[in-house]
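Numbers restart at 1 for each chain; the letters A, B, ... are given by sequence-line order, proteins then strands. As a basis for the values below, the full set of heavy atoms in this structure was taken, side chains included, without hydrogen atoms, waters or symmetry mates.
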Amino acid sequence: MTDAEHRQLPPQYAPGEVETRRYEAWAAAGYFTANAASGKPPYSIVIPPPNVTGSLHIGHALDHTLIDALVRRRRMQGYNALWLPGMDHAGIATQNVVEREIAADGLSRHDLGREAFVERVWRWKASSGGAILGQMRRLGDSVDWTRERFTMDEGLSRAVQTIFKRLYDDGLIYRAQRIINWCPRCMTALSDIEVDHAEDEGELVSVRYGDGDDSVVVATTRVETMLGDTAVAVHPDDPRYARLVGTSVQLPLTGRAIPVVADPHVDPEFGTGAVKVTPAHDPDDFEIGRRHDLPALVIMDERGVITAHGPFEGLDRFEARPAVLAALRQQGRVVAERRPYLHAVGHCDRCGTTVEPRLSLQWFVRVEPLAKAAGDAVRDGRVRISPPEMAARYFDWVDDMHDWCISRQLWWGHRIPVWYGPAGEVVAVGPGEDPPSGEGWRQDPDVLDTWFSSALWPCSTLGWPDDTEDLAAFYPTSVLVTAYDILFFWVARMMMFGLYAMSQREPAQAVPFRDIALHGLVRDQHGKKMSKSLGNTVDPLDWIDRFGADATRFTLARGASPGSDVAVSEEWVTGSRNFCNKLWNATRFALLNGATVPRALPDPGQMPTAARWILSRLSAVTAESDQLFERYEFGKVCELLYHFAWDEVCDWYLELAKPALSGPAEPGPPAGEAGSASPAGEAGPASTQTAAGVTREVLGYVLDRLLKLLHPVMPFVTEELWTALTGGDSIMIAPWPGEGAGTAGGVAAGGVAAGGVAAVGGEGRDGTAAAFRDAAAEAEIGSLMRLVTEVRRFRSDQGLRPGQQVPAVLAGIGGTRLAPHEGSIRSLLRLTAPGDSFTATASVLAEGITVELDTAAGIDVAAERRRLDKDLAAARKEADQAGRKLGNESFLAKAPADVVAKTRERLEAAHADIERISGRLAALPAAGPGPADAGSAEKGQGDG
RNA sequence: GGGCGAUUGGCUCAGCGGGAGAGCGCCUCGUUCACACCGAGGAGGUCACUGGUUCGAUCCCAGUAUCGCCCACCA
């Protein structure tokens with residue numbers, strides 16, 4: 001853009017072209033790239049790595065918006081800000097995608113063989129994986145593309161093997177025969193958290209084992225597993241079965257004799273008090289079996305097909321259930337059936353298949369010491385969770401966690417770095433791809449749980465296990481931003497592995513992040529979960545196309561408060577789009593009127609009150625938005641800035657500035673209220689010191705700051721407007737307008753490096769970051785706003801068109817604090833000077849000033865009386881309330897002084913209102929029949 | 001079965017011991033030279049219910065109802 005062009009804006013913001021142009025320019029300029037060697041204090045966030053199979057959905061859009069806002073703000077504050085991008089290989093999910101692909105050619109992964117299949121997955125990744133990375137550009141994510149990582153790239157694989165070996169050597173990884181969760185469709189083991197429990201309808205069947213006096217009735221929801229029963233268990237103190245303990249009963253259908261054992265785990269109150277024991281197919285039974293040295297009889301293969309010899313062999317587990325039941329029924333073994341019987345059943349969180357408890361040899365992480373350390377880091381405050389309530393969930397989990405099954409019977413993932421000798425013994429454990437020298441070595445065929453590598457993400461992406469510059473500069477990361485639904489899967493595990501991997505550091509430096517900022521899930525306008533089947537999903541790319549990235553981001557951020565869900569709808573994003581346009585036009589207006597951004601503010605003595613008012617408000621808003629940002633209150637930041645920009649800057653300040661802007665630009669006698677300000681001096685060499693000049697600078701200053709405050713959430717439109725306004729290179733690298741931007745206060749609150757970082761970025765080049773507070777100006781403009789609103793209400797009630805000019809006298813304004821604002825008031829209210837024939841036909845009393853209006857048609861007495869009656873009733877109610885309080889001795893004795901004082905003020909104000917309104921009622925011309933002024937007022941109160 | 005949270009205007013939500021708020025929607029008016037993706041004005045709520053604490057409760061406590069979420073190896 002040329003200098004002339006950059007001050008011309010079209011009347012509407014068109015995001016499309018701006019966004020791609022700006023993003024590419026930022027990336028090309030290297031603004032996203034962090035430099036570990038820079039002397040600036042670090043601020044780092046690692047992306048929650050999206051699945052390589054994924055595409056950008058609305059949940060990512062929320063997460064990324066919040067992260068990007070944090071990073072952009074810190075960058076402007078002078079931090080060495082890093083947002084590190086990357087992806088997760090997503091073991092099961094990715095393998096499933098490619099398996100489906102080859103299934104189209106009628107092939108299974110076994111047809112290809114392991115090596116070819118894995119090769120095929122890599123090819124898939126290269127061509128169709130990672131679509132999300134391109135989509136992140138559309139959102140405006142300021143990620144450092146030079147540091148992009150993938151959980152299966154060389155460095156991360158080495159990190160995985162390294163920590164595996166360390167854990168193994170420390171006795172924290174072991175291999176054992178256990179009952180694990182097995183998905184018969186994915187044909188792999190799952191960890192506890194990869195299983196979703198859902199209430200399923202089953203049936204509870206009571207079956208008689210044995211005959212005659214020595215028989216016992218057991219209840220089960222899974223009759224088919226009886227084929228693998230190796231005992232019946234009863235409670236040791238249960239008198240009903242005491243005589244049977246130690247004997248055996250005959251198992252129906254198979255005829256096997258199985259022992260009756262006594263085990264305290266059995267609940268004598270449930271069912272018959274006797275339970276069948278199937279050690280190979282139920283985790284509880286497995287434990288009972290261990291205690292009593294029972295054999296574990298496996299009756300199903302890895303697909304869930306019955307392998308027990310007999311008539312049921314070859315049946316799927318769900319076919320076997322009715323078949324076994326029918327056979328039992330035929331033998332008269334079924335004593336009772338209860339159906340439907342609701343109970344919780346586990347499902348694979350990847351494919352929904354009912355999980356089968358399966359006895360198998362797997363690798364486990366002994367989590368207890370790791371989980372304890374992870375809990376302690378939060379307990380002792382090294383890591384803070386936002387919102388704090390979520391910490392309870394975190395503790396529940398880390399304090400009572402089962403060992404973590406980490407082996408998966410898949411091909412896509414980090415192969416377990418263990419080699420077995422010819423006899424099957426573990427003889428070597430990674431790292432390194434090569435087997436030990438000699439013959440007969442065989443690597444474990446399984447891969448590691450995807451979450452095993454994700455758990456290392458904060459340190460592995462920064463270079464661990466190597467002692468890299470990035471690791472030194474950016475670990476611990478500053479904050480982890482993610483949805484609460486992933487607290488257990490990922491966050492807690494990063495805590496465990498991060499602390500373990502970095503344990504050579506002092507405890508405060510070993511944590512993977514200092515803050516955990518949890519946000520909620522995105523829901524539809526009715527608070528319902530988004531799902532494809534409900535058809536209520538929102539595609540963020542569609543919104544970006546139609547409303548712009550900034551509108552999409554603002555909508556999501558506006559709804560985000562710590563830990564709670566975000567409801568969005570097209571109405572919200574429309575509103576956000578409108579807000580972008582509002583900013584656009586406010587800046588456009590400023591440019592059309594010659595606004596400039598000053599190096600320093602003009603002398604406050606030269607400023608109109610309105611300027612001091614808006615600067616005072618800007619200062620308050622800036623401080624408040626900084627505080628909210630530090631607390632991850634994104635919704636409140638957005639709300640605050642939205643209302644400041646729209647209600648205060650646009651609706652009032654721009655309107656108040658209009659008369660001054662149309663004044664002379666050359667130095668001369670200041671116009672309007674500025675006449676009361678100190679005369680133009682030579683103090684500011686760059687300043688024109690006319691009312692118009694001062695206003696142009698203040699307007700430019702306010703917009704400069706406002707755009708910067710909004711930039712973290714709305715990067716594109718603010719960039720476009722700011723460069724047009726200032727001619728600067730980029731708002732991205734402009735200094736943050738915080739009061740003493742980036743100084744120790746802000747840093748301490750942000751919890752960045754311990755020890756604090758003082759004076760980051762300094763005051764910036766304009767050196768005007770100090771607070772500008774002016775309570776008198778705020779009070780004065782507040783008074784003006786109330787007066788104008790009151791008169792507008794009158795005009796509206798009287799059916800006067802908003803634009804209609806009305807001759808008026810502002811009686812009694814002389815000597816009041818509003819006297820200097822008469823010009824503004826007249827312009828805002830469309831009041832003209834009274835002509836020769838002026839006769840007041842109506843008046844409004846507000847702020848101690850009587851506005852006498854000459855309305856052409858006179859006033860509508862009835863409408864006015866109705867309104868006044870209503871006002872009077874409200875004022876009386878107010879006076880009554882406050883008066884009653886002040887008449888209460890206990891209140892006077894016990895309430896704090898400021899509350900009492902405030903109540904007094906309320907009472908006085910209410911009395912003044914009553915007097916004013918009564919006066920106006922009395923002054924109303926008697927129109928219509930009836931001597932009813934007082935009566936109608938009374939009625940109004942009575943009704944209220 | 002445990003735990004947590006919610007219940008505020010038509011909708012989605014802020015507020016959380018001393019005067020009930022916002023956005024959208026709704027009604028009225030408006031071609032004022034930034035913006036109709038706009039401006040001005042307005043209507044609309046006994047803050048789920050019942051008790052308690054308090055000078056004072058939407059806000060604190062207890063209970064009830066309804067809804068939601070998380071965790072869970074009782075067949």
NA contact type, [X], heavy-atom cut-off 4.0 Å: base, sugar-phosphate, or nothing?
X	value
A:V266	base
A:C650	base
A:H643	sugar-phosphate
A:E889	nothing
A:A392	nothing

Per nearest nucleotide of RNA chain B, the residue lying toward the 5' end, A:E389 or A:V899, is A:E389
Nearest-nucleotide check on RNA chain B, A:W646 vs A:K276; residue mapping nearer the 5' end is A:W646
Closest approach to the side chain of [X], judged atom by atom: which nucleotide of [options] is it?
X	options	value
A:S561	B:A14, B:U12, B:C70	B:A14
A:H343	B:A75, B:C69, B:C73	B:A75
A:R793	B:C70, B:G41, B:A34	B:G41
A:D267	B:A75, B:A34, B:G19	B:A75

Between [N] and [M], how many Å separate the two [atom1] atoms, rounded to a whole number?
N	M	atom1	result
B:C16	B:G10	C1'	25 Å
B:U46	B:U58	C1'	11 Å
B:U66	B:A72	P	26 Å
B:G39	B:A22	P	16 Å

Looking only at side-chain N and O atoms, does A:K870 come under 4.0 Å of OP1 or OP2 in B:A43?
-> yes
For A:K636 and B:G15, is the shortest distance between a side-chain N/O and OP1 or OP2 below 4.0 Å?
-> yes
With a 4.5 Å limit on heavy-atom distance, are the side chains of A:R904 and A:L886 in contact?
-> yes
Is there a donor and acceptor pair, one atom on the side chain of A:Q881 and one on the base of B:G19, closer than 3.5 Å?
-> no
Stems involving RNA chain B: give each as a range paired with a range, ordered by first number, where a stem means at least three consecutive Watson-Crick or G-U wobble pairs under 3.5 Å.
-> B:1-7 with B:65-71, B:10-13 with B:21-24, B:26-30 with B:38-42, B:48-52 with B:60-64
Think A:R558 forms a cation-pi with A:W646, using NZ or CZ under 6.0 Å from the six-ring centre and within 45 degrees of its axis?
-> no
